[in-house]
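In what follows, residues are counted from 1 in the order of the sequence shown. The basis for the numbers below is simple: all heavy atoms, side chains too, and nothing from hydrogens, waters or symmetry mates.
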Amino acid sequence: MLLSSATLLAAAGTALPASARQAPSPPTPQKAAERALHALGTHAAQVRAGDGQAFQVVRVAMDRDGTSHTRMTRTYAGLPVLGGDIVVHQSASGAWRGSSGTLAKAPAGSRPEVSARTAEKRAVTRHRKADGSPALVVEARTADHRPRLAWRVQTIGKQADGTPSRIFTSVDAATGKVLLREETIRTEAGDGKSLYTGTVPLETTKSGGTYQLKDPTRGNTYTGDAGNQADLCFLIWCFMRAPATVFTDADNHWGSGTTADRATVAVDAQFGTGMTWDFYKNVFGRTGIAGDGKGSFNRVHYDNGYANAFWDDSCFCMTYGDGDGTQLGPLTSLDVAAHEMSHGVTSSTANLTYSGESGGLNEATSDIMAAAVEFYAGNSNDVGDYLVGEKIVLPGFGRPALRFMDRPSRDGNSADSWSTGTKNLDVHYSSGVANHFYYLLSEGSGAKTINGVSYDSPTSNGSTITGIGRDAATKIWYRALTTYMTSSTDYKGARTATLNAARDLYGSGSTQYNTVAAAWSAVNVN
């Protein structure tokens with residue numbers, strides 16, 4: 001047949017109905033939703049509708065031919081009906097094409113016979129505690145799909161492998177029987193080939209048929225691609241930010257270990273963020289940057305040739321450039337990630353002003369915690385050291401690291417010890433005084449080799465310092481930061497703060513206390 005039947009009829013002079021001459025326009029999603037809600041009354045038996053029920057449209061999917069699929073949730077007597085959700089299917093003209101749902105019958109009755117307290121006892125176990133008050137619901141997600149009035153109790157704990165656990169338990173409000181337990185923390189164990197730390201484990205989130213580089217075990221921290229775009233800012237106000245399009249992957253194996261794959265440096269950033277989260281949580285009991293359990297996010301591939309990284313309080317995010325290709329590579333190494341994340345910790349605690357001596361202490365805090373995270377991680381591809389940014393420097397940079405904590409002046413700009421001019425230095429250089437203090441406090445003075453790296457730390461007063469160990473030094477610094485330092489603390493104030501912290505942790509007159517005093521004197525803070 002060379003022509004359509006409609007064309008043949010028209011050629012023969014047969015008049016066509018208007019509906020045949022012009023196909024009806026497909027409905028808008030809003031119109032489809034209105035039709036679906038209206039149709040519930042006509043098809044009440046099929047959708048198990050009844051008195052006391054209400055429906056809420058949550059999504060409308062449209063086929064190319066105008067067929068609509070309207071997803072709804074339902075309530076009964078104001079209570080959510082779990083398992084009562086439905087999808088109404090209609091043609092482009094609004095004709096009923098059926099519904100999808102599992103509810104076995106319409107709900108009835110809304111007065112509980114079992115108390116909320118009793119329901120909570122049913123849900124709580126030795127290793128789980130209640131989180132919030134029980135709430136009444138209609139539970140219909142059981143095997144028989146019969147709706148039952150129930151108490152929904154949220155409990156928190158840990159899964160067998162240490163993953164956080166948040167379970168909702170539905171307890172029959174008539175009998176006290178546990179109807180359902182639902183784990184809401186869903187993790188996927190993936191791995192990534194990073195640029196700097198080898199193949200590393202990653203916690204990811206499965207979404208549909210793909211995986212997202214989002215860690216539900218660490219506050220949903222995620223890493224996104226900035227697409228080599230930059231923030232558009234004027235002074236301190238940004239009116240357009242570079243994106244952070246979350247990385248996705250089909251098989252949960254991320255990156256290739258080279259920059260040819262854009263996900264490679266995302267692996268580094270995500271791994272560094274997760275390791276820093278674990279360090280603060282396991283060493284100090286601090287969950288998340290602000291201590292509130294909330295995650296941040298990373299942006300990688302920021303701008304073009306951007307050879308830096310930064311923390312931004314306003315977006316609660318860390319941003320990494322790809323480097324300039326001659327002096328610096330991508331700035332997503334473990335210590336850089338820990339450094340930037342620690343700026344957020346400082347902002348959430350002492351909030352050290354980012355200028356003068358307090359700014360030097362701010363930068364030093366990030367260098368100190370970055371070194372501590374590196375040692376904590378125990379990664380054989382990036383062993384712990386007292387160098388800053390050693391992985392990101394390229395031959396054109398001219399030295400093996402950005403900064404050196406044992407002798408900060410090795411970078412040509414940083415101060416080994418305090419002077420009246422310290423406050424006038426750039427904060428990345430005035431930080432040398434505190435970095436040097438931390439190294440002396442941890443490892444002591446003189447020459448030594450640690451993890452294959454050679455150090456030789458002098459003292460400004462010719463003294464010999466015996467270190468108290470990195471763990472004690474780090475705990476003292478953290479307590480000083482979070483308990484005693486304030487926004488304008490200077491080096492003199494930092495000496496007092498760390499002595500107070502050493503007293504609290506180890507006692508006045510202890511070896512740790514006396515070494516804090518000696519290490520500050522060794523960098524001319526008296």
Side-chain angles (χ1 to χ4, degrees), residues 212-216 218-247 265-266 268-270 272-277 279-281 286-323 330-333 335-356 358-370 373 389 426-428 431 478 481-482 485-489:
Q212 296 179 332
L213 198 52
K214 179 186 291 186
D215 188 343
R218 297 177 177 93
N220 281 322
T221 292
Y222 71 90
T223 297
D225 193 336
N228 296 108
Q229 297 182 52
D231 296 337
L232 298 178
C233 303
F234 179 73
L235 297 177
I236 62 172
W237 179 61
C238 291
F239 52 89
M240 184 177 294
R241 291 194 180 276
T245 306
V246 65
F247 279 86
V265 296
D268 282 291
Q270 187 76 359
T273 304
M275 193 55 62
T276 305
W277 176 291
F279 166 77
Y280 277 106
K281 181 177 181 179
R286 184 182 191 86
T287 306
I289 291 176
D292 57 4
K294 296 180 180 178
S296 55
F297 67 93
N298 303 307
R299 298 185 297 181
V300 297
H301 300 302
Y302 179 83
D303 208 349
N304 286 293
Y306 181 65
N308 213 333
F310 61 89
W311 165 264
D312 186 347
D313 277 329
S314 66
C315 65
F316 210 66
C317 68
M318 291 157 286
T319 302
Y320 306 87
D322 289 329
L331 283 92
T332 51
S333 63
D335 60 350
V336 174
H339 176 104
E340 300 307 335
M341 196 167 180
S342 294
H343 274 309
V345 174
T346 297
S347 178
S348 300
T349 54
N351 196 26
L352 290 159
T353 302
Y354 205 62
S355 65
S358 61
L361 289 167
N362 190 318
E363 270 297 312
T365 294
S366 285
D367 284 350
I368 287 167
M369 293 305 175
V373 169
D426 181 279
V427 295
H428 296 88
S431 63
Y478 179 80
L481 174 77
T482 58
M485 292 185 188
T486 59
S487 60
S488 57
T489 295

Supply the atom-to-atom distance [X] [atom1] to [Y] [atom2], rounded to the nearest 0.5 angstrom.
X    : Y    : atom1 : atom2 : result
N298 : T273 : CG    : OG1   : 3.5 Å
Y354 : S347 : OH    : OG    : 12.0 Å
L481 : N362 : CG    : CG    : 8.5 Å
H339 : T365 : NE2   : OG1   : 9.5 Å
Y320 : T223 : OH    : OG1   : 7.5 Å
R218 : M275 : CZ    : CE    : 7.0 Å

Run the side chain to side chain contact (heavy atoms under 4.5 Å, CB included) test against [X] and tell me which residues pass, sequence neighbours left out.
X    : answer
T287 : W277, K281
N220 : K214, P216
S358 : L352, T353

Go through the structure and list residues passing side chain to side chain donor-acceptor pair (under 3.5 Å) with [X], not counting sequence neighbours.
X    : value
D335 : S333
T319 : R299
S366 : H343

How close do [X] and [Y] get, counting heavy atoms only, and between which atoms?
X    : Y    : answer
M318 : A337 : SD-O, 4.0 Å
F316 : S296 : O-CB, 3.1 Å
A307 : L331 : C-CD1, 3.7 Å
D225 : G227 : OD1-N, 2.7 Å
T349 : R286 : CG2-NH2, 3.6 Å
F297 : A244 : CE1-CB, 3.7 Å

With a 4.5 Å heavy-atom cut-off, do Y302 and D231 have their side chains touching? yes
Side-chain heavy atoms of V300 within contact of P330, under 4.5 Å: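 No. Closest side-chain heavy atoms not under 4.5 Å.
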Is there a donor in the side chain of N228 and an acceptor in the side chain of H301, or the other way round, less than 3.5 Å apart? no
Scan side-chain atoms only and decide if Q270 and Y222 contain a donor-acceptor pair under the 3.5 Å cut-off.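 Side chains of Q270 and Y222: no pair found under 3.5 Å.
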Could you tell me whether the side chain of E340 and the main chain of W311 form a donor-acceptor pair under 3.5 Å? yes
Given side-chain contact (heavy atoms from CB on, under 4.5 Å), test C317 with R241 step by step and report yes or no. CA-CA 12 Å; C317 68; R241 291 194 180 276; 5.8 Å; no
